[in-house]
Amino acid sequence: MASSRNHQGAHGIGQVERQLNRQAQAAESIQGLNEADQEILAAANQEYTELDEIIERSRPLE
């Protein structure tokens, strides 16, 4: 029974995430992105981060 509840909960979370994403897209299309939004999106979509740089430096040389 718990498995079914967990599945329903996960499904509900997915629905909420999709709804929030649709709302964010609607707000963006109506009012555009402000500078903070643009910086957050750019940071979220970065492929190489400072953490990657730290990891690279901490690897032993071969």
Side-chain angles (χ1 to χ4, degrees):
M1 192 63 136
S3 177
S4 178
R5 267 188 253 151
N6 289 342
H7 178 76
Q8 288 174 351
H11 182 70
I13 290 169
Q15 287 178 322
V16 169
E17 288 174 339
R18 286 188 295 277
Q19 179 62 30
L20 289 173
N21 189 31
R22 285 193 295 269
Q23 290 174 351
Q25 288 175 346
E28 178 185 331
S29 68
I30 292 168
Q31 64 193 26
L33 290 176
N34 66 35
E35 188 175 337
D37 291 335
Q38 292 172 354
E39 289 174 7
I40 290 168
L41 283 174
N45 291 320
Q46 255 183 279
E47 289 189 28
Y48 188 82
T49 66
E50 291 177 36
L51 181 58
D52 294 317
E53 187 176 322
I54 292 168
I55 292 169
E56 287 289 325
R57 283 189 273 148
S58 68
R59 290 189 178 151
L61 297 175
E62 292 180 20

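As a basis for the values below, the full set of heavy atoms in this structure was taken, side chains included, without hydrogen atoms, waters or symmetry mates.
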Run the numbers on Glu17 and Leu20 for side chain to side chain contact (heavy atoms under 4.5 Å, CB included), then give the verdict.
-> CA-CA 5 Å; Glu17 288 174 339; Leu20 289 173; 5.9 Å; no

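- Atom CG of Asn34 is separated from atom CD of Glu28 by 10.5 Å, given to the nearest 0.5 angstrom.
- A donor-acceptor pair shorter than 3.5 Å cannot be found between the side chains of Gln25 and Arg22.
- Of all the heavy atoms in Glu56 and Tyr48, the pair that sits closest is CG-OH, 3.8 Å.
- The line from OG1 of Thr49 to CG of Asp52 is 3.5 Å long, rounded to the nearest 0.5 Å.
- Residue-environment remark: CD (Glu35) stays at or below the threshold of 12 foreign heavy atoms within 6.0 Å.
- The two residues Ser58 and Ile55 have their closest heavy-atom pair at OG-O, 2.9 Å.
- Heavy-atom contacts from other residues, nucleotides or ligands closer than 6.0 Å to CD of Gln23 number more than 12.
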